[in-house]
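Accompanying notes for the structure given below.
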Amino acid sequence: MKKDEYFMRLALKEAKKAYVKDEVPIGAIIVKNGKIIAKAHNLIKKLKDPTAHAEILAIKKAGKILGNERLIGTTLYTTLEPCAMCAGAIILARIDRLVFGPQDLKTGACGSVFKIINNKKNNHKVKVRKNILKEECADIIKKFFREKREKSQIIF
């Protein structure tokens with residue numbers, strides 16, 4: 001779907017904002033009826049908050065915009081497979097659809113490491129589409145951590 005690529009590119013713009021702020025470059029967009037209702041990027045370091053993931057921040061904003069804790073009829077676009085915390089929030093918010101970039105082989109909760117999204121025991125099911133703009137989304141994360149490693153090896 002071309003619209004998924006379009007919105008994922010906007011999520012990537014959010015990830016680039018995180019990158020500039022020296023945050024792990026993850027971005028998220030929430031869409032309802034073809035319109036963006038929330039966007040966010042990681043702000044963990046800035047807010048000194050381990051829960052300040054892009055997905056969580058976008059979900060909070062969307063809830064305020066819609067005036068409801070249930071985000072029914074929405075799609076969440078995120079540049080990396082959500083972790084367990086974010087996957088739980090997606091289910092609790094009743095988000096209908098999740099579109100993400102690459103799988104996260106360390107903490108992914110949509111089947112890569114954990115299966116929280118669409119676990120048989122959950123009463124809410126989420127339509128999932130993965131690997132959208134996989135390379136672009138993975139590249140910014142790889143670049144961020146490569147630069148971190150290079151900086152840590154500089155000897156004064």
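No experiment lies behind these values; they were computed from the predicted model shown.
The pair Asp96-Lys125 does not count as a salt bridge, with every side-chain nitrogen at least 4.0 angstrom from each carboxylate oxygen. Under a 4.0 Å N-O distance rule, the pair Arg9/Asp4 does not qualify as a salt bridge. Between Glu23 and Lys17 there is no salt bridge, since none of the side-chain N atoms of the basic residue sits less than 4.0 Å from a carboxylate O of the acidic one.
Between Lys130 and Glu81 the shortest side-chain heavy-atom distance does not fall below 4.5 Å. For the pair Ile72 and Arg70, the minimum side-chain heavy-atom distance is below 4.5 Å. Side-chain contact check for Arg94 versus Asn123: some heavy-atom pair is nearer than 4.5 Å. Counting only heavy atoms from C-beta outward, the side chains of Thr75 and Val99 approach each other to under 4.5 Å.
Donor-acceptor pairing under 3.5 Å is lacking for the side chains of Tyr77 and Glu5. There is a side-chain donor-acceptor pair under 3.5 Å between His41 and Lys21.
Taking CG of Leu71 as the reference point, atom CD1 of Ile95 lies at 5.0 Å (rounded to 0.5 Å). Taken from CD1 in Ile140 to CD in Glu135, the straight-line distance is 14.5 Å, to the nearest 0.5 Å. Cys83 SG to Glu55 CD: the interatomic distance, rounded to the nearest 0.5 Å, is 6.5 Å. Considering OG1 of Thr79 and CG of Asp104, their distance stands at 10.5 Å, rounded to 0.5 Å. A distance of 10.5 Å separates CD in Glu147 from CZ in Arg149, rounded to the nearest 0.5 Å. Separating the CG atom in Leu98 from the CD1 atom in Ile30 is a distance of 10.5 Å, to the nearest 0.5 Å.
The heavy-atom pair separating Glu14 from Ile29 by the smallest distance is CG-CD1, 4.2 Å. For the pair Ile26 and Thr78, the tightest heavy-atom approach, listed with the atom from each and the gap, is CG2-OG1, 3.8 Å. In this structure, Ala28 and Leu76 approach most closely via the heavy-atom pair CB-CD1, 4.5 Å. Shortest non-hydrogen contact noted between Asn42 and Ala54 is OD1-N, 2.8 Å. The two residues Ala58 and Ala40 come nearest to each other via the heavy atoms N-CB, 3.6 Å. Gly88 approaches Ile116 most closely through the heavy-atom pair N-CG2, 4.1 Å.
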message: For a side chain to side chain contact (heavy atoms under 4.5 Å, CB included) check, start with the C-alpha distance between Val24 and His53, then their side-chain angles and the critical distance, and finish with the verdict.
response: CA-CA 9 Å; Val24 176; His53 289 200; over 6 Å; no
query: Going through the distances and angles, do Val113 and Lys106 end up as a side chain to side chain contact (heavy atoms under 4.5 Å, CB included)?
result: CA-CA 7 Å; Val113 179; Lys106 293 185 179 183; 5.6 Å; no
- prompt: When you look at Cys137 and Met8, which way does the side chain to side chain contact (heavy atoms under 4.5 Å, CB included) test go after all the steps?
  reply: CA-CA 9 Å; Cys137 293; Met8 187 60 80; 4.1 Å; yes
- request: Take Asp22 and Phe144, measure what side chain to side chain contact (heavy atoms under 4.5 Å, CB included) needs, and give me the verdict at the end.
  value: CA-CA 8 Å; Asp22 198 33; Phe144 178 83; 3.7 Å; yes
message: Before you tell me yes or no, could you show the steps for Asp139 and Arg146 under salt bridge (charged side-chain N to carboxylate O under 4.0 Å, His left out), namely the whole-Å CA-CA distance, both residues' side-chain angles and the distance that decides it to 0.1 Å?
response: CA-CA 10 Å; Asp139 286 347; Arg146 182 175 54 247; over 6 Å; no
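Within the 3.5 Å criterion, the main-chain N or O of His124 finds no donor-acceptor partner in the side chain of Asn122. With hydrogens and angles disregarded, a donor-acceptor distance shorter than 3.5 Å links the side chain of Asn118 to the backbone of Val126. A distance-only check finds no donor-acceptor pair linking the side chain of Asn33 to the backbone of Lys35 [under 3.5 Å].
Cluster annotation: Leu10 and Ile37 are assigned to distinct hydrophobic clusters (Ile/Leu/Val/Met/Phe/Trp/Tyr, side-chain heavy-atom contacts under 4.5 Å, transitive). Cluster annotation: Ile90 is connected to Ile65 through the hydrophobic network of ILVMFWY side chains, with a link wherever side-chain heavy atoms come within less than 4.5 Å. In the hydrophobic cluster analysis, where Ile, Leu, Val, Met, Phe, Trp and Tyr join through side-chain heavy atoms closer than 4.5 angstrom, Ile59 is grouped together with Phe100. Val31 and Leu57 end up in different hydrophobic clusters when Ile, Leu, Val, Met, Phe, Trp and Tyr side chains are linked at under 4.5 Å. Cluster annotation: Met85 and Leu80 are assigned to distinct hydrophobic clusters (Ile/Leu/Val/Met/Phe/Trp/Tyr, side-chain heavy-atom contacts under 4.5 Å, transitive).
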